[in-house]
Amino acid sequence: MATVRQKDKDRAEQMVRSLGMDPLQLLSLDNLDNGYFFGPDDSGVIFYTLAGKRALSLGDPVCREEDLDRLIRAYIDFCERREYRCVFNSVEQSVAEALKSVGFLVAKYGEEGILFLSEYDLSGGKKGALRRNVAKLDKWGCTCEEYDPEQQRNPDLEREIGELQKEWLEDKKLSLTYSVGDLQFAHPCGRRYFVTRDKEGDLLTVVSFLPYRQEKGWCIDVMYRKPGGLTGAMEHTIISAAWKLKEEGAEELSLNIAPLAGIDPSSPDANREEKLMHAAFDSLDYGYDFKGLYRFKEKFSPSEWKPRFLVFDHRISMVQLARSIADVKGASDPELWMKYGKFFLSYTLTPRRYQNEQKKEDTI
């Protein structure tokens, strides 16, 4: 007999599949620590993870547009009764505006790169390096193929992928959760998996894609590549998958979010949270290479960079906000915390230093 929690998860999954417009909603189903808040009259669901008394949600609430305000207000009332303070991470602009109207603070969190597949191709100067890398791997005999574990599991391939994943994580020395999924071969929930091999048959990459908008959109989730493997292998996999999904009727492919990217600290409307996040984007590369991830996505010259926002209760301090997000992401490495803590303290005490450094960069 299914447990109450399993029934709630099944109920939430049905809502995501029928109402989901945001790829991060499906990702939230995988988080075993998540709670589920179901709106009045089954108007929708909000996933949340507790970090102390702070309730963190990833991505947009799952609901119809006309039910958004009612669902948000019911959820806030639910959290207030339990003395939780709400944080909404990586929401789209319409959700940010709805939350701002009920007193929440809003800060730009990053940008999501979107490829509109009906018009997207590899022509143009900005895509020159991408075009050459894809053509080069084709010439060298590299091939991309899809793996469908829902049709038939392949233990040998999954073992091979597991070894590649282990190599990748050991090379990176940091594994984040919450906003980064897992491969989930046993319960894909509609995921698509693509792998690229070299001409000798050695595995170079694996990429998984999350469906949204009833499979009209697909979003990159997990990406692993062989450390020291052929340059351009990941780009080859993503472009090969994009063409296949386009042939099947997909309308867009999301490169997922580039956290902290696209924040303008010189804007007169920039708040202190945005200035801090921009300083982190500009200065930090330990544990999570924000600039490197943005540069990788920029190679594809997205059709649109869609802003994503961090929205939170005004009673939450910057320290609490940063700590809560890091905790649920699984970034508990002591050395990581020491480096990030030193940066945060330096920025808080001497913000002008970072502003002056930015002015110098702007004049170069």
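- Contact annotation: the side chain of V195 never approaches that of T205 to less than 4.5 Å [non-hydrogen atoms, C-beta and beyond].
- In the displayed structure, R153 atom CZ is contacted under 6.0 Å by more than 12 heavy atoms of other residues, nucleotides or ligands.
- The two residues H236 and T143 make their nearest non-hydrogen contact at CE1-C, 4.3 Å.
- Between D313 and Y84, the closest side-chain pair of non-hydrogen atoms is not below 4.5 Å.
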- Run the numbers on H278 and D264 for side-chain hydrogen bond (donor to acceptor under 3.5 Å, both in side chains), then give the verdict. CA-CA 7 Å; H278 173 77; D264 180 6; over 6 Å; no
- Please test L58 against L27 for side chain to side chain contact (heavy atoms under 4.5 Å, CB included), starting from the C-alpha separation and ending with a verdict. CA-CA 9 Å; L58 178 67; L27 184 59; 4.0 Å; yes
- Task: Evaluate the salt bridge (Lys or Arg N to Asp or Glu O under 4.0 Å) criterion for residues E80 and R85: first the C-alpha distance (whole Å), next the side-chain angles of each, then the deciding distance (0.1 Å), finally the verdict.
- Result: CA-CA 7 Å; E80 286 290 338; R85 294 180 180 177; over 6 Å; no
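- Proximity of L71 to P61: side-chain heavy atoms (C-beta onward) are separated by under 4.5 Å at one or more points.
- With a 4.5 Å cut-off on side-chain heavy atoms, Q25 and D60 count as touching.
- Ion pairing between a basic and an acidic side chain is recognised when a charged N comes within 4.0 Å of a carboxylate O; D121 and K246 show no such pairing.
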- Task: Go through R73 and D69 one step at a time and tell me if the salt bridge (Lys or Arg N to Asp or Glu O under 4.0 Å) criterion holds.
- Result: CA-CA 6 Å; R73 289 176 183 275; D69 186 67; 3.0 Å; yes
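- Side-chain N or O atoms of N256 include one that pairs as donor or acceptor with a backbone N or O of I220 at under 3.5 Å.
- We find the CG-OG1 distance between L230 and T196 to be 10.0 Å, quoted to the nearest 0.5 Å.
- In this structure, the side chain of R191 engages the main chain of P188 through a donor-acceptor pair within 3.5 Å.
- Atoms CD1 and CG, on I239 and L122 in that order, are 5.0 Å from each other to the nearest 0.5 Å.
- Closest of all the heavy-atom pairs between K108 and E274 is N-OE2, 2.7 Å.
- In this view, F37 and Y75, F78 satisfy the ring-ring contact (aromatic ring centres under 6.0 Å, His included) rule, not counting sequence neighbours.
- In this structure, S57 contributes its side chain and F47 its backbone to a donor-acceptor pair below 3.5 Å.
- At least one side-chain heavy atom of W218 sits less than 4.5 Å from a side-chain heavy atom of R192.
- Ion pairing between a basic and an acidic side chain is recognised when a charged N comes within 4.0 Å of a carboxylate O; R5 and D8 show no such pairing.
- Linking ILVMFWY residues whenever their side-chain heavy atoms come closer than 4.5 Å, directly or via other members, places F209 and F296 in the same cluster.
- Closest heavy-atom contact between M15 and G44: SD-C, 3.7 Å.
- In this structure the side chain of V16 never reaches within 4.5 angstrom of the side chain of Y212, judged on heavy atoms.
- Atom CD1 in I238 sits 9.0 Å away from atom CG in L130 (nearest 0.5 Å).
- At most 12 heavy atoms of other shown residues, nucleotides or ligands fall within 6.0 angstrom of atom CD in E83.
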- Item | CA sep, side-chain torsions, deciding dist, call: L276, E273, side chain to side chain contact (heavy atoms under 4.5 Å, CB included) | CA-CA 5 Å; L276 172 60; E273 289 80 15; 5.7 Å; no
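- One N or O on the side chain of K53 and one on the backbone of R82 form a donor-acceptor pair closer than 3.5 Å.
- Relative to the six-membered ring of Y36, R11 misses at least one condition, a distance below 6.0 Å or an angle of at most 45° to the axis.
- The minimum heavy-atom distance linking D198 with C142 is given by the pair CA-SG, 3.8 Å.
- With D41 contributing its side chain and S43 its backbone, the two residues share no donor-acceptor pair below 3.5 Å.
- Within the 4.5 Å cutoff, no side-chain heavy atoms of N34 are placed close to those of Y48.
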- Query: Between E163 and R159, does a salt bridge (Lys or Arg N to Asp or Glu O under 4.0 Å) hold up when you go through it step by step?
  - Reply: CA-CA 6 Å; E163 291 169 0; R159 193 158 40 246; 5.6 Å; no
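- In this structure, Y120 contributes its side chain and I114 its backbone to no donor-acceptor pair below 3.5 Å.
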- Message: Determine whether L24 and I257 satisfy the following criterion, side chain to side chain contact (heavy atoms under 4.5 Å, CB included), listing intermediate values before the conclusion.
- Response: CA-CA 10 Å; L24 297 180; I257 298 167; 3.8 Å; yes
- Begin with the C-alpha distance, continue with both residues' side-chain angles, and end with the deciding distance and a verdict on side chain to side chain contact (heavy atoms under 4.5 Å, CB included) for V106 and F104. CA-CA 7 Å; V106 175; F104 278 64; 5.5 Å; no
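- For K216, the NZ atom counts as loosely surrounded, since its 6.0 Å shell holds 12 or fewer non-hydrogen atoms of other residues, nucleotides or ligands.
- Linking ILVMFWY residues whenever their side-chain heavy atoms come closer than 4.5 Å, directly or via other members, places F38 and L19 in the same cluster.
- In this structure, F88 has its ring center at least 6.0 angstrom away from the ring center of F309.
- Linking ILVMFWY side-chain heavy atoms closer than 4.5 Å, directly or via other members, places W168 and V206 in a single hydrophobic cluster.
- Note: the hydrophobic cluster containing L117 also contains F194 (ILVMFWY, side chain heavy atoms under 4.5 Å, direct or indirect links).
- L255 pairs in a side chain to side chain contact (heavy atoms under 4.5 Å, CB included) with only one of the listed residues (E111, E298, K297), which is K297.
- Once rounded to the nearest 0.5 Å, the distance linking NZ of K306 with OG of S254 reads 7.5 Å.
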- Message: If you apply the rule side-chain hydrogen bond (donor to acceptor under 3.5 Å, both in side chains), what do you find for E158 with Y147, and how did you get there?
- Response: CA-CA 10 Å; E158 290 183 17; Y147 172 49; 2.5 Å; yes
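- Among K299, R131, K127, R225, the one residue that satisfies the salt bridge (charged side-chain N to carboxylate O under 4.0 Å, His left out) test with E235 is K299.
- Other residues, nucleotides and ligands place no more than 12 heavy atoms under 6.0 Å from the NZ atom of K166.
- A side-chain hydrogen bond (donor to acceptor under 3.5 Å, both in side chains) with D10 is found for exactly one of Q6, Q14, K7, namely Q6.
- Rounding to the nearest 0.5 angstrom, the gap separating the SG atom in C219 from the CZ atom in R213 is 13.0 Å.
- Other residues, nucleotides and ligands contribute more than 12 heavy atoms inside 6.0 Å of the CD atom of E248.
- Not a single donor-acceptor pair under 3.5 Å links the side chain of K126 to the backbone N or O of S301.
- Contact between E112 and P23 at its shortest, heavy atoms only, is OE2-CG, 4.3 Å.
- The backbone N or O of T237 sits nowhere less than 3.5 Å from a side-chain atom of S240 that would complete a donor-acceptor pair.
- Between E251 and E215, the closest side-chain pair of non-hydrogen atoms is not below 4.5 Å.
- By the rule that hydrophobic residues join a cluster once side-chain heavy atoms approach within less than 4.5 Å of another member, L203 and L169 end up as members of one cluster.
- Taking each heavy atom of Q184 and Y193 in turn, the nearest pair found is O-OH, 3.3 Å.
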